[in-house]
Amino acid sequence: MSVRVRYAPSPTGSPHVGNLRTAIYDWLLARKEGGKFIARLEDTDRSPERYVPEGIYDIEASLRFLGIMPDEWWVTGGSAGPYVQSQRLPIYQAEIERVIASGSAYRCYCTRERLDEMRKAQQERGTPTGYDRRCRFLSPEDRARHDAEGKPSVVRLAMPLDGVTVLHDEIRGDITYENRLQDDQVLIKSDGFPTYFFACAVDDHLMGITHIIRGDDWLSSAPKLVQVFHALGYPLPKFVHPPLIVGADKKKLSKRHGATQFSWFMEQGYLPEALLNFLVLLGWSAGDENRELFTIPELIEKFSIAGMSEHPAVFDYDKLNWINGQYIRSSEPGRIIGLCLPYLRKAGLIPEPPPGDASDEEKRIYRETWLDYARRIIPLEQERMKVLSEVVDLVGFFFEDLDYPNGYEPKAVAKWMGVAHLKPLLEKEITAFSALPDWTAAALEASVREITEELGVKFAEVIHPTRVAATGRTVGPGLFETLWALGRERTLHRLRTVLEKNDWPSTGA
RNA sequence: GGGGAUAUCGUCUAGAGGUUAGGACGAGGGAUUUUCAGUCCUUAAGCCGGGGUUCGAUUCCCCGUAUCCCUACCA
């Protein structure tokens, strides 16, 4: 039987990174085994906090971003649809009637109040909590009476009262649970919607799912799911419970650990392959290969359930940044430029492009003024970026109108704009740069080295003040590439401005 | 309270009944250099505890401990 795996998110907003890691595992397994990757929307919880209709777009965007497109899902359909649980109600209805008729499930008329009180009392007594099964043993007459009265009800699983349920997890092996300790799980809620357990079993069976891959947090309730499969008379798929992703405090990763929503990572400028690479490694390893960076084809080839770890993994933002930096550095500059432009526009460093119906002339000017400039600059910072959004801070000084000393780092000014040889240096540079036949990094360097000689100072004593005068800061790409990228006009303008406005010590004249 | 899972450097992990317990992130040091970054070299850092099995356990078993997860008409 060919492998079919599913990613089953709930539309509660932008998916959690742990959730997407599971999707990645699903996808890798499907690709590795030549199977199908299916996505199914689990929207059976209709409470306003848990049902965010727009959340579905975040899910789609995340999958697209990562490049892990389902073979069958609600967007494109498929032979086992519909792939949205709220559209499958009649299916659940038919199946639950069958299970009730078989005696493996029963209607429960207990009110929430009674359930709450019962639980409270159990907690106070220190006894295990759980439904007391009152309705399980209702007489047919009582049952008929409740139904006749139109009492609201839920349907519960009639959990076996003794014996054990053995779950074979592909990562951890056999796990044994005592049935008497399992609750009579609600399968159909009073609003008619199925709960996770029921919908999951029905859908996974009907969709031909061969491997249920889901977080470790499902492990303790797994026997209930297994019994639902039994009650329905379905064969069991394979179960895979990867370890949880946790925060630095070892607790299940959540909002309070910082960013966990996938959308945040997309906004920050993490590359898809970096995120995928990092997430895969959080709970899986290629074995004896001492390597952290894997291409997607390599991951598909090497992936296996056997390589999955069984203990939780702390989400390490530092390592993610390192991996992302690696991918940024090894990307084609053109790609990075294209990805960075939106950040520059958003920050107001470059304007929005002219509209489609603008004149060719306008478009040409935009391109030459902004795009060509950005194209010169961004590659200079490529090896410094950890995330794309950093480009704004990194290249800001290229775009901003520096009007000395406004926009200059005070510390940089204090350190270098008071040195004795600054004035002759600037004067010589302005003269030399104006006359430079070719505005290239090499020519600029030759020129500055010559000036250094004339001034009789160390190279560093020329480099640093020149950098500060031209950029307003002490750090950045190599000085000559910086000046080259800045262009002759901007460079001269900035040097002249410093020359004019600097607070020169009185010369005694 | 009950149940389940897990335990190798700070973090992600590899590993085998006998190894100098390997790699990576991060941290420290050094080199390169015009700064930062990068790159290269380098250092420190680990088998939870106690029993048992065994000639020999970090590795296998048991117990303990710790941590996490579940304990909803949420998934």
Side-chain angles (χ1 to χ4, degrees), chain A residues 8-10 12 19 42-45 47 49-50 108 110 112 115-116 119 122-131 152-156 167 169 171-172 175-178 181-183 185-191 193-197 199-200 214-224 241 243-244 246 248-252 278 281-293 307 309-323 325 329 381-386 394 412 445 448 458-464 466-468 471 473-480 482:
Chain A
S10 294
T12 52
N19 203 251
E42 309 228 320
D43 60 345
T44 59
D45 186 340
S47 61
E49 329 77 73
R50 305 270 318 172
C108 168
C110 293
R112 297 215 193 222
L115 261 18
D116 289 343
R119 184 161 37 243
Q122 288 165 338
Q123 280 165 347
E124 278 166 8
R125 256 181 287 135
T127 56
T129 54
Y131 180 52
S153 65
V154 300
V155 180
R156 286 182 185 271
L167 174 89
D169 180 76
I171 298 177
R172 299 152 213 279
I175 303 170
T176 304
Y177 306 78
E178 284 201 60
L181 299 174
Q182 307 302 322
D183 211 355
Q185 180 64 40
V186 170
L187 301 181
I188 301 286
K189 298 178 267 188
S190 55
D191 64 1
F193 279 83
T195 58
Y196 170 82
F197 293 89
C200 174
R214 53 181 197 167
D216 177 318
D217 44 348
W218 287 104
L219 203 54
S220 36
S221 64
K224 294 196 277 195
H241 291 96
L244 250 26
V246 298
D249 60 359
K250 310 279 187 182
K251 291 194 199 314
K252 202 172 170 179
F278 172 71
L281 257 28
L282 228 43
W284 174 83
S285 127
D288 55 6
E289 273 199 65
N290 283 335
R291 205 144 64 93
E292 323 295 315
L293 268 18
S309 59
E310 43 226 273
H311 50 265
V314 174
F315 192 98
D316 183 357
Y317 292 87
D318 280 336
K319 186 154 184 179
L320 203 214
N321 283 338
W322 176 78
I323 289 184
R329 257 165 261 136
E381 298 286 6
Q382 187 168 343
E383 66 181 25
R384 254 163 280 259
M385 285 186 239
K386 292 258 193 300
L394 256 15
E445 175 160 5
V448 170
K458 284 190 231 156
F459 194 44
E461 291 175 296
V462 165
I463 292 285
H464 295 309
T466 303
R467 177 191 299 284
V468 174
T471 70
R473 27 163 82 198
T474 56
V475 303
L479 177 63
F480 305 109
T482 301

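Owing to the predicted nature of the structure, the values given are computational and were not obtained by experimental measurement. The figures here come from the full heavy-atom set of this structure, side chains too, leaving out hydrogens, waters and symmetry mates.
For the C1' atoms, the distance linking U19(B) with A57(B) amounts to 13 Å, nearest Å. Taking atom C1' in both G4(B) and G22(B), the straight-line distance is 33 Å, to the nearest Å. As rounded to the nearest Å, G10(B) and C47(B) have C1' atoms that lie 16 Å from one another. Here the separation of C12(B) from A45(B), taken at their C1' atoms, is 15 Å to the nearest Å. Going from the P atom of C74(B) to that of A16(B) covers 45 Å, rounded to whole Å. Rounded to a whole angstrom, the distance from the C1' atom of U71(B) to that of G17(B) is 40 Å. Nucleotides C69(B) and C73(B) are separated by 22 Å at their C1' atoms, to the nearest Å. For the C1' atoms, the distance from U65(B) to U11(B) is 23 Å, rounded to whole Å.
The nucleotide whose nearest atom lies closest to any side-chain atom of S10(A) is, among A75(B), G38(B), U34(B), A75(B). Closest approach to the H464(A) side chain among U34(B), C69(B), A14(B) is made by U34(B) (side chain taken as heavy atoms from C-beta onward). Taking only side-chain atoms of A313(A), from C-beta outward, the nucleotide of U13(B), A72(B), A75(B) with the closest atom is U13(B). Comparing A37(B), U6(B), C74(B) by their nearest atom to the side chain of H311(A) picks out U6(B). The side chain of K189(A) lies closest to C74(B) when the candidates are C36(B), C74(B), U13(B). Here the side chain of V475(A) is nearest to one of C36(B), A75(B), A7(B), namely C36(B). In the set C70(B), U67(B), C69(B), the nucleotide with an atom closest to the side chain of K250(A) is U67(B).
Rounded to whole Å, the distance from CH2 on W218(A) to P on C69(B) is 15 Å. Summarising the geometry, the separation between CD on Q185(A) and C1' on C73(B) is reported as 9 Å, rounded to the nearest angstrom. Distance Q382(A) CD to C36(B) C1': 17 Å, rounded to the nearest Å. To the nearest angstrom, P of C74(B) lies 11 Å from CZ of F193(A). U33(B) atom P lies 15 Å from atom NZ of K458(A), rounded to whole Å. In this structure, R467(A) places its CZ atom 13 Å from P of A37(B), rounding to the nearest Å. For the pair I188(A) CD1 and C73(B) C1', the interatomic distance rounds to 11 Å; values are reported in whole Å. Atoms CG (D43(A)) and C1' (C74(B)) sit 13 Å apart, rounded to a whole Å.
Residue L479(A) is in base contact, counting any heavy-atom pair closer than 4.0 Å across all strands shown. Among the heavy atoms of the strands lying under 4.0 Å from G476(A) is at least one base atom, whether or not backbone atoms are also near. At a threshold of 4.0 angstrom between heavy atoms, the contacts of G283(A) are confined to the sugar-phosphate backbone, with no base atom among them. Nucleic acid contact for S285(A): sugar-phosphate only, since backbone atoms but no base atoms lie under 4.0 Å from a heavy atom of the residue. When heavy atoms are screened at a 4.0 angstrom cut-off, E42(A) is found touching the sugar-phosphate backbone but no base atom. Here T466(A) lies out of heavy-atom contact (under 4.0 Å) with every strand. Within 4.0 Å (heavy atoms only), S309(A) reaches sugar-phosphate atoms of the nucleic acid but no base atom. Counting non-hydrogen atoms under 4.0 angstrom, P152(A) reaches nothing in the nucleic acid. Residue P243(A) is classed as having no contact, given no heavy-atom separation below 4.0 Å to the nucleic acid. Using a 4.0 Å heavy-atom distance criterion, R291(A) is classed as making no nucleic acid contact. Within the 4.0 angstrom heavy-atom criterion, no nucleotide atom of any strand lies near F315(A). R329(A) comes within 4.0 angstrom of the backbone, heavy atoms only, and of no base. Among the heavy atoms of the strands lying under 4.0 Å from V314(A) are primed sugar atoms or P, OP1, OP2 only; no base atom is included.
Inter-residue side-chain proximity for K251(A) and V246(A) is flagged as unmet; no heavy-atom pair is nearer than 4.5 Å.
Both F197(A) and R119(A) lie close to RNA chain B; mapped to their nearest nucleotides by heavy-atom distance, the more 5′-ward contact belongs to R119(A). Along RNA chain B, the nucleotide nearest T474(A) and the nucleotide nearest L282(A) are compared for position; the residue whose nucleotide lies closer to the 5' end is L282(A).
For Q122(A) (side chain) and G130(A) (main-chain N/O), a donor-acceptor pair under 3.5 Å exists by modelled atom type. No donor-acceptor pair closer than 3.5 Å links the side chain of K250(A) to the backbone N or O of P312(A). Remark: side-chain polar atoms of R467(A) are not paired, donor with acceptor, to backbone N or O of G478(A) under 3.5 angstrom. With hydrogens and angles disregarded, no donor-acceptor distance shorter than 3.5 Å links the side chain of T474(A) to the backbone of A412(A). Between the side chain of T471(A) and the backbone N or O of R473(A), at least one donor-acceptor pair lies under 3.5 Å.
Of the nucleotides present, none pairs with G26(B) by Watson-Crick or G-U wobble criteria with both distances under 3.5 Å. With a cut-off of 3.5 Å on both Watson-Crick or G-U wobble distances, the partner of A57(B) is given as none. Base-pair partner of A21(B): not found among the strands shown (Watson-Crick or G-U wobble, both distances under 3.5 Å). Judged by Watson-Crick or G-U wobble contacts below 3.5 Å, the nucleotide U67(B) has A5(B) as its partner. Shown here, G38(B) forms a base pair with U32(B); the pair counts as Watson-Crick or G-U wobble because both key distances fall under 3.5 Å. Using N1 to N3 plus N6-O4 or O6-N4 for Watson-Crick, or N1-O2 and O6-N3 for G-U wobble, each under 3.5 Å, C47(B) pairs with nothing.
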Distances for protein N or O near nucleotides 24-26 of chain B N or O, under 3.5 Å:
from   : atom 1 : to      : atom 2 : distance (Å)
A24(B) : O4'    : E292(A) : OE2    : 2.8
C25(B) : O2'    : K319(A) : N      : 3.3

Could you go through nucleotides 1-5 of chain B and list every protein N or O atom that sits under 3.5 Å from one of its N or O atoms, giving the distance for each pair?
from  : atom 1 : to      : atom 2 : distance (Å)
G1(B) : O2'    : G126(A) : O      : 2.6
G3(B) : N2     : S220(A) : OG     : 3.4
A5(B) : O2'    : R172(A) : NH1    : 2.9

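Salt-bridge check for R172(A) with D169(A): passed, with a basic side-chain N closer than 4.0 Å to an acidic carboxylate O. Ion pairing between a basic and an acidic side chain is recognised when a charged N comes within 4.0 Å of a carboxylate O; R384(A) and E381(A) show such pairing.
Between R214(A) and A75(B) there is no side-chain N or O to OP1 or OP2 distance below 4.0 Å. Between S221(A) and the phosphate of U71(B), there is no side-chain N or O to OP1/OP2 separation shorter than 4.0 Å.
F197(A) and W218(A) have perpendicular rings, their planes meeting at more than 60° on a 0 to 90° scale where under 30° would count as parallel. Using bins of under 30°, 30° to 60° and over 60° for the plane-to-plane angle, the ring pair F278(A)/F315(A) lands in the perpendicular bin.
Between R214(A) and H241(A), the closest heavy-atom pair is NE-NE2, 3.0 Å.
For the pairing with I188(A), the side-chain contact (heavy atoms from CB on, under 4.5 Å) check across P194(A), S153(A), C108(A) returns one residue only, P194(A).
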